[in-house]
Each structure stands twice: as structure tokens, then as C-alpha cells.
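Each remark here refers to the structure printed beneath this line.
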Amino acid sequence: MTWTDLPGERPFVLLATRAEDLPADEEYALFLRYTGLPAERLRRVRLEREAMPAFDLDEVAGILVGGSPFNASDPVEKKSTVQRRVEAEMAALVDEVVARDLPFLGACYGVGTLGTHLDATIDGTFAEPISVVEVTLTPEGRADPLTAGMPDAFPAFVGHKEAITVLPAEAVLLASSPTCPVQMFRVGRNVYATQFHPELDVDGIVTRIHAYAGYGYFAADELALTLAAVRRLPVTAPSRMLRTFVERYAR
């Protein structure tokens, strides 16, 4: 499998794990919109359908990871065969990504994959319901090139059953929120993960609310409340980091 179509222009890769076509396709469209990449330069791999391709990381400009219904902290016996395969493939890739300091940005599920590599404590202590929260950059976050031009505090979409409770010393905390202390961190110079979703807009998160209504993110009688919660504040700042990521690493 070759990952280069345009001479001198290395593609980015989006690793996705959503089995439902509508939210999966919308996620890809949102990453295209906010990165500014044409489709031929953002290669999507749907890991829930196929094994991780054997691609040469020297041919890749950077890797993006979308959200996922998988939870890294679930007991092994509760994980499906597909989840166990995906986790093993992601673990091998992240090991190499961190060793090479390859540009990487994992949104929500990136915390589970990168946090697992770091042996971080990941559990349900700081789970957040689907909603909008205010995320605040740390001093290190305000100085980081990926968040350049962003306000010190900004609303962001969240919705997750697990989070990092204790961030290892080798990671740099970049952003936090009152309900989740690790909202964004960096390893090395170029490897990032966010707990919030920089790729989402209101329509995108509404699609996910309906698609995952039976997945335990909210009670059956809380649909209207959840839909109202994501409209509580306008969310515009987080998506800027996707364009910044591409502008920083495109080559």
C-alpha cells in the first residue's frame, strides 16, 4: 500500500474506529473541513473494519486519531475481539510514534491510546457527560505552538466515560477543566492528545448524540437535556488547532 499520491506532498492519516457509517463519515468530513486538507491528503483508515495497514511512517506527514466508543480502561474480558485487535495495533503504532516524535494528535480516544503507552492512570474518576465545558490552557499550553492564537480559556465539546487521573512526569499538561484535570497534554515536541473534541461542531455532536444514545453516555430520558447541553455555549476555538497542526507539519 502506498501513501503518497502527490510528489513532495506527504499525506496525513486519520485513524478511525466508529462502526456506524453516519458519524464515521461525518467525523472524516469534519477533519477535512477543519484541517483544510483535500481528501487525497487525509487518508482515513477505519480500524473497526480492517487491520492497521503496514505503512511507512517516513511517508506520513502526521497522524490524527478520532474519537471512539472503545474505553481503554474496560476489563479485558469485556472488550470485543475487534477492540482488542485495535488496541494492540494502536499500541504498536504509538510506541513507534513516541520513539520517533512523529506528529500525532489524538482527539478523545488519543488520551486512551497515548495514556496507555505512558502507563497513565486511566479510569472513570473524571468522566464527563456529553456537554460543553470551559477548558483553560496551562502556562505551558499558552506557550505551545499548537495552541497559538487560541484564547487562554475556551468552550469545548466533551463526552467520555474515562480520563487520565494521574499524568506521568514525562508528559506536559497543556490544558485542564474544572471537571477533568487532563484535557490536553504533549509528549516530546510533536505528540499530542486532547480529551475534548477539536474536530466537532454542533451538528457533528448532535449526530453522535443520536448515534450513541444507547451506549451509556446519558440516560434514556436525558436526550433533550443532552441536546440542550451542547448548545449552551458557542464552540469555535478548538478547531483552530487542527489547521495549525497541518500548517506546522505539512511537508
Side-chain angles (χ1 to χ4, degrees), residues 13-24 27-28 44-55 57 63-100 102 104-130 157-171 173 177 179-188 191-197 199 208-209 211-220:
V13 177
L14 173 63
L15 299 178
T17 58
R18 299 186 184 281
E20 299 79 11
D21 286 338
L22 180 58
E27 177 181 73
Y28 181 48
R44 177 173 59 158
V45 180
R46 292 188 65 173
L47 292 174
E48 85 290 349
R49 292 185 174 183
E50 61 178 307
M52 182 84 71
F55 53 88
L57 291 180
I63 294 174
L64 296 160
V65 176
S68 178
F70 299 154
N71 293 301
S73 62
D74 284 347
V76 173
E77 62 272 16
K78 292 188 176 182
K79 295 178 180 180
S80 67
T81 301
V82 171
Q83 181 174 350
R84 292 195 298 269
R85 171 184 60 78
V86 170
E87 288 183 350
E89 292 170 345
M90 288 291 290
L93 177 68
V94 170
D95 286 349
E96 189 170 359
V97 163
V98 173
R100 296 168 61 126
L102 184 83
F104 176 98
L105 176 56
C108 195
Y109 190 46
V111 168
T113 57
L114 187 55
T116 298
H117 168 87
L118 297 172
D119 291 326
T121 300
I122 303 174
D123 57 30
T125 303
F126 296 109
E128 293 177 297
I130 299 174
F157 293 117
V158 297
H160 51 98
K161 299 177 184 178
E162 62 181 8
I164 290 180
T165 301
V166 179
L167 193 63
E170 62 265 40
L173 180 65
S177 72
T179 50
C180 184
V182 181
Q183 283 285 357
M184 182 178 180
F185 66 95
R186 187 189 74 239
V187 179
V191 180
Y192 295 88
T194 66
Q195 187 65 79
F196 59 89
H197 286 274
E199 82 284 6
R208 293 187 193 178
I209 289 169
Y212 298 110
Y215 281 61
Y217 290 99
F218 53 89

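- Taking the six-membered ring where the residue is Trp, Y217 and Y215 present parallel rings, their angle staying beneath 30° rather than reaching 60°.
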Test side-chain contact (heavy atoms from CB on, under 4.5 Å) on F70 and V82; report intermediate values, then the result. CA-CA 10 Å; F70 299 154; V82 171; 4.2 Å; yes
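- Formation of a donor-acceptor pair under 3.5 Å by the R46 side chain with backbone atoms of R18 is found in this model.
- Two residues are said to be in side-chain contact when any heavy atoms from C-beta on lie closer than 4.5 Å; M90 and L47 meet this criterion.
- Under the 4.5 Å side-chain criterion, counting only non-hydrogen atoms from C-beta, I209 is in contact with F218.
- Using modelled atom types, no side-chain atom of E48 and backbone atom of V86 make a donor-acceptor pair closer than 3.5 Å.
- Remark: the backbone N or O of K79 is paired with a side-chain donor or acceptor of R84 at under 3.5 angstrom.
- For the pair F185 and G115, the tightest heavy-atom approach, listed with the atom from each and the gap, is CZ-N, 4.3 Å.
- By the salt bridge (Lys or Arg N to Asp or Glu O under 4.0 Å) test, E128 pairs with no residue at all, sequence neighbours left out.
- Salt-bridge check for E27 with R208: passed, with a basic side-chain N closer than 4.0 Å to an acidic carboxylate O.
- Atoms CD and OG1, from Q83 and T17 in turn, are 9.0 Å apart once rounded to the nearest 0.5 Å.
- Put simply, the side chain of P23 reaches to within 4.5 Å of the side chain of Y212, judged on heavy atoms.
- The heavy-atom pair separating A120 from P168 by the smallest distance is CB-CD, 3.7 Å.
- Heavy atoms only, all atoms of each residue included: F196 and Q183 are closest at N-OE1, 3.3 Å.
- Counting only distance, with no hydrogens or angles, the side chain of H160 and the backbone of E162 share a donor-acceptor pair below 3.5 Å.
- Under the side-chain contact (heavy atoms from CB on, under 4.5 Å) rule, V182 has a single partner from L173, I122, V111, which is L173.
- Summarising the geometry, atom CD1 belonging to I63 is positioned 11.0 Å from atom CG belonging to L105; distances are rounded to the nearest 0.5 Å.
- In this structure, S80 has no side-chain hydrogen bond (donor to acceptor under 3.5 Å, both in side chains) partners at least two apart in sequence or on a different chain.
- No donor-acceptor distance shorter than 3.5 angstrom exists from the side chain of R85 to the backbone of E87, with no hydrogens or angles considered.
- Within the 4.5 Å cutoff, side-chain heavy atoms of V45 are placed close to those of P53.
- Within the 4.5 Å cutoff, the side chain of V98 has heavy atoms near those of the L114 side chain.
- When all heavy atoms of A163 and C180 are compared, the pair lying nearest together is CB-SG, 3.8 Å.
- Once rounded to the nearest 0.5 Å, the distance linking OG1 of T116 with CD1 of I164 reads 8.0 Å.
- Counting only heavy atoms from C-beta outward, the side chains of L15 and L93 approach each other to under 4.5 Å.
- To the nearest 0.5 angstrom, K161 atom NZ is 10.0 Å from S73 atom OG.
- With a 4.5 Å cut-off on side-chain heavy atoms, E170 and L118 count as touching.
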